[in-house]
Visitor: 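Have a look at this one.
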Amino acid sequence: MMAALPAALPRPDFDRLKGFIRTETGIELPEANVKTVRRFLLERLATLGGDLEGYLRLIRSDPAEYDRFIDAVTINETYFFREERQFGVLASRFFPDMPDQETIRLWSAACATGEEAVSLAAMAFDAFQGGGRRFSVLATDINRRSLETFQTGDYSENAFRRDGARFHHLLHPHLEGGGRRRRLTASLRSVIEIRPFNLFRDPVADPTDGFHAAMLRNTLIYMDLATRQAILDKVAAVLKSDGLLFLGAAEMPLIAHPHLKLESVDGVYFFRKKRLEEKMAGSVPDAGVVQAGKHRRAERMVRDWMARDRMPRDRKAAGAVDIERVMTYACQRLDNRLFQVESDSHFPFALQFLQIVHFMNANQMAEARDLLDLLDGALPENAISHYLYGYLEMAGHRNDAARYRFGKALDRNPTFWPARFHLAMLTQTRFPRQAAAEYRRCERDIRAYIDAGSYRFRFLLEGFNARYFLDICRKWIDKLGDGERSPKGV
Ligand SMILES: C[S@@+](CC[C@H](N)C(=O)[O-])C[C@H]1O[C@@H](n2cnc3c(N)ncnc32)[C@H](O)[C@@H]1O
């Protein structure tokens with residue numbers, strides 16, 4: 001007998017459910033989906049009896065119920081050649097240059113019912129099959145029910161929209177039947193491998209052979225920053241060097257990753273996996289953004305933000321500012337100039353620090369100082385400001401003032417190794433013993449930084465990576481020895 005439908009789901013239960021969805025899928029349940037999920041759960045509780053805890057236990061032990069649940073909490077909207085401009089760039093600019101001897105490997109990483117994977121396969125068939133070239137498409141998704149629908153190969157009219165129509169002709173040889181329903185031919189189906197895969201929970205296999213291009217579109221938008229980062233780590237790991245990653249256009253500004261370079265062709269943005277040399281070289285700030293007069297605009301921007309209360313007016317009002325977060329955002333923005341975090345007051349600080357670094361790299365020291373004064377007045381005392389002041393003093397050959405500032409940066413944060421590095425450099429002629437000790441400590445901190453996979457200082461490093469500084473530390477440790485010898489003769 002069916003139990004009565006509970007009238008409502010208490011708030012704590014719903015929060016618990018949202019937490020479960022997050023840990024299982026990485027998804028922050030979007031507002032638009034709350035009603036559906038709430039209704040789904042109430043219906044399941046009414047059918048099965050019991051409470052939320054019992055239901056969560058059931059999901060863990062019963063694969064069929066798990067699949068039903070995942071189907072309810074994911075959004076599976078998709079259609080053929082969605083965001084057709086991306087497909088256009090892939091076909092016109094990248095497919096012709098793909099290496100001749102290799103099987104071209106493509107991945108639709110959250111394929112839902114498969115329209116994206118089929119679009120990729122049909123486009124690749126058109127580009128490569130005439131020349132007898134081999135290609136394959138991997139189609140994965142967390143939602144097994146969607147994948148079952150994909151397996152049937154049946155498509156309704158809904159899969160054909162105006163966006164994408166430019167390439168529908170590529171599907172004609174591969175869809176049988178007409179009218180309202182079409183069925184995928186066995187030959188195109190045979191080049192697509194369909195496999196369940198949870199991007200958030202499942203480990204990626206060690207890639208023996210990476211993907212030339214992947215699409216992970218309209219999925220990360222439902223996830224928080226840390227989750228996106230963790231998923232991108234996995235996806236980046238299985239791309240070939242120079243491999244392409246397409247995200248949904250709306251998702252691009254949310255994403256930055258140290259191994260992925262933002263590029264654009266014909267106004268279409270995508271990521272390209274950096275080659276090893278590029279990764280080693282770090283990321284060079286976009287010199288194009290530094291132009292004469294830009295500091296006025298930057299200064300106006302800061303004042304506008306302050307005026308709109310997006311940034312505190314003075315140190316007292318600033319309250320607690322998490323400098324680590326500011327640095328992380330600055331690095332992310334460095335990787336992706338579309339990256340932004342609208343709702344977080346740390347983000348404007350990160351933008352301004354980046355702007356100061358751009359000024360300094362372009363030798364526009366006066367502009368850098370103006371902006372730094374302005375920003376520093378609004379922030380609590382912090383290591384980045386001290387470091388940047390130190391850098392400006394050093395550039396002006398005021399070495400004592402520079403040493404003082406680098407020392408203050410280290411007081412605020414003893415592991416701020418870029419400050420220690422400069423402090424050592426400024427110290428080595430007069431105080432070699434002290435400099436040797438600083439280089440040794442710096443070496444230790446850089447190693448820990450590299451081991452932790454951290455990159456939070458990268459936006460300060462003028463395009464060099466941490467290993468470059470490590471090498472210099474080593475060199476000076478060798479030259480200075482225990483600091484007894486004069487460094488002059490070395
Ligand atoms: C809106 S659809 C996007 C489909 C297709 N990529 C497109 O852009 O048309 C989002 C898909 O992401 C999948 N998804 C959500 N979380 C996932 C996860 N943790 N791992 C794998 N797939 C996930 C959902 O099941 C859903 O099919």
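All residue numbers in this chain count up from 1 along the given sequence. What you are looking at is a predicted structure, and each value in this text was computed from that prediction instead of being measured. Hydrogens, waters and symmetry mates are skipped; everything else that's a heavy atom, side chains included, is used. Order of listing sets the numbers, starting from 1, for every ligand and every atom in it.
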Visitor: Is ligand 1 under 4.0 Å from a heavy atom in the side chain of Ile27, in the backbone, in both, or in neither?
Guide: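 Just the side chain.
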
Visitor: Please state which protein non-hydrogen atom is closest to atom 8 (O) of ligand 1 and give its distance, to 0.1 Å?
Guide: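 Sorting protein heavy atoms by distance from atom 8 (O) of ligand 1 puts Asn218 ND2, 2.8 Å first.
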
Visitor: Only heavy atoms of Thr219, strictly under 4.0 Å: list the atoms of ligand 1 that pass.
Guide: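 So the answer, numbered in order with elements, is 10 (C), 11 (C), 12 (O), 14 (N), 15 (C).
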
Visitor: Minimum heavy-atom separation for Cys111 to Asp141, with atom names?
Guide: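 Answer, listing the atom of Cys111 first, then Asp141: N-OD2, 3.2 Å.
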
Visitor: Look at atom 20 (N) of ligand 1 and say which protein heavy atom is nearest, naming residue and atom and giving the distance to 0.1 Å.
Guide: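 Minimum-distance protein heavy atom for atom 20 (N) of ligand 1 reads Leu199 N, 2.8 Å.
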
Visitor: Note the single closest protein heavy atom to atom 7 (C) of ligand 1, along with its residue, its atom name and the distance in Å.
Guide: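 Nearest protein contact, heavy atoms only, for atom 7 (C) of ligand 1 is Arg82 NH1, 3.3 Å.
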
Visitor: Among all protein heavy atoms, pick the one closest to atom 9 (O) of ligand 1 and tell me residue, atom and distance.
Guide: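 Residue, atom and distance for the closest contact: Thr78 OG1, 2.6 Å.
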
Visitor: Suppose I only count heavy atoms of Asn143 and a 4.0 Å limit; which atoms of ligand 1 are within that range?
Guide: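 What qualifies from ligand 1 is 25 (O).
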
Visitor: Less than 4.0 Å between a side-chain N and a carboxylate O, is that true for Arg39 and Glu43?
Guide: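 Salt bridge between Glu43 and Arg39, a charged N being under 4.0 Å from a carboxylate O: no.
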
Visitor: Tell me which one of Ala110, Gly114, Ala112 gets a heavy atom nearest to atom 5 (C) of ligand 1.
Guide: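 Looking at heavy atoms only, the winner is Ala110.
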
Visitor: Is it the case that the ring center of Phe20 lies less than 6.0 angstrom away from the ring center of Tyr55?
Guide: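 No.
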
Visitor: Quick one: do Glu77 and Arg161 make a salt bridge, cutoff under 4.0 Å?
Guide: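 Yes, Glu77 and Arg161 are salt-bridged.
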
Visitor: Please determine if Arg182 forms a cation-pi arrangement with Phe160, meaning its NZ or CZ atom is less than 6.0 Å from the six-membered ring centre and no more than 45° off the ring axis.
Guide: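 Here Arg182 passes the 6.0 Å and 45° test against Phe160.
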
Visitor: Considering only heavy atoms of Glu77, which atoms of ligand 1 have at least one such atom less than 4.0 Å away?
Guide: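 The list of qualifying atoms is 1 (C), 2 (S), 3 (C), 4 (C), 9 (O).
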
Visitor: So is there a nitrogen or oxygen of Asn76 less than 3.5 Å from a nitrogen or oxygen in ligand 1?
Guide: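 N/O-N/O distance below 3.5 Å exists for this pair.
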
Visitor: Side chains of Thr113 and Glu115: donor-acceptor distance under 3.5 Å anywhere?
Guide: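 Yes, because at least one side-chain N or O of Thr113 sits under 3.5 Å from a partner of the opposite role on Glu115.
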
Visitor: For ligand 1, which part of Thr74 has a heavy atom less than 4.0 Å away: the side chain, the backbone, both, or neither?
Guide: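 For Thr74, the contact with ligand 1 is made by the side chain alone.
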
Visitor: Might you point out which heavy atoms bring His257 and Asp233 nearest each other, and give the distance in Å?
Guide: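 Looking at all heavy atoms of both residues, the shortest contact is NE2-OD1, 2.5 Å.
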
Visitor: So, 4.0 Å and heavy atoms of Met223: is ligand 1 close enough to count as a contact?
Guide: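 Contact check Met223 vs ligand 1: positive.
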
Visitor: Look at atom 13 (C) of ligand 1 and say which protein heavy atom is nearest, naming residue and atom and giving the distance to 0.1 Å.
Guide: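 Answer, as residue, atom name and distance: Asp141 OD2, 3.4 Å.
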
Visitor: Polar contacts were defined as any N/O atom of the residue lying under 3.5 Å from an N/O atom of the ligand; does this apply to Glu116 and ligand 1?
Guide: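 Indeed, backbone or side chain, Glu116 has an N or O that close.
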
Visitor: Could you find the nearest protein heavy atom to atom 14 (N) of ligand 1 and give me its residue, atom name and distance?
Guide: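 Here the nearest protein heavy atom works out to Ile142 CG2, 3.7 Å.
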
Visitor: Could you walk me through whether Arg217 and Gln86 pass the side chain to side chain donor-acceptor pair (under 3.5 Å) check?
Guide: CA-CA 11 Å; Arg217 306 186 308 160; Gln86 294 190 350; 2.9 Å; yes

Visitor: Taking all non-hydrogen atoms of both residues into account, name the closest pair between Trp417 and Phe457 and its distance.
Guide: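 Reported closest heavy-atom pair: NE1-CD1, 3.5 Å.
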
Visitor: Is there a donor-acceptor contact under 3.5 Å from the side chain of Ser385 to the main chain of Asn382?
Guide: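 Here the side-chain-to-backbone pair does not exist.
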
Visitor: Answer with side chain, backbone, both or neither: which part of Phe197 has a heavy atom less than 4.0 angstrom from an atom of ligand 1?
Guide: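 Contact part for Phe197 vs ligand 1: backbone (N, CA, C, O).
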
Visitor: Give the atoms of ligand 1, by number and element, whose distance to some non-hydrogen atom of Phe200 is under 4.0 Å.
Guide: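 Atoms satisfying the 4.0 Å criterion: 19 (N).
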
Visitor: Starting from atom 3 (C) of ligand 1, locate the nearest protein heavy atom and write down its residue, its atom name and how far away it is, to 0.1 Å.
Guide: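 Minimum-distance protein heavy atom for atom 3 (C) of ligand 1 reads Arg217 O, 3.4 Å.
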
Visitor: Counting only heavy atoms, tell me which of Thr25, Ile75, Ile70 gets closest to atom 26 (C) of ligand 1.
Guide: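 Ranked by closest heavy atom to atom 26 (C) of ligand 1, first place is Ile75.
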
Visitor: Mind listing the closest non-hydrogen atom pair of Asp224 and Glu28 along with its distance?
Guide: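 So the two residues come closest at OD2-OE2, 3.7 Å.
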
Visitor: Please determine whether a side-chain nitrogen of the Lys or Arg among Arg38 and Asp13 lies less than 4.0 Å from a carboxylate oxygen of the Asp or Glu.
Guide: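 Looking at Arg38 and Asp13, the cut-off is not met.
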
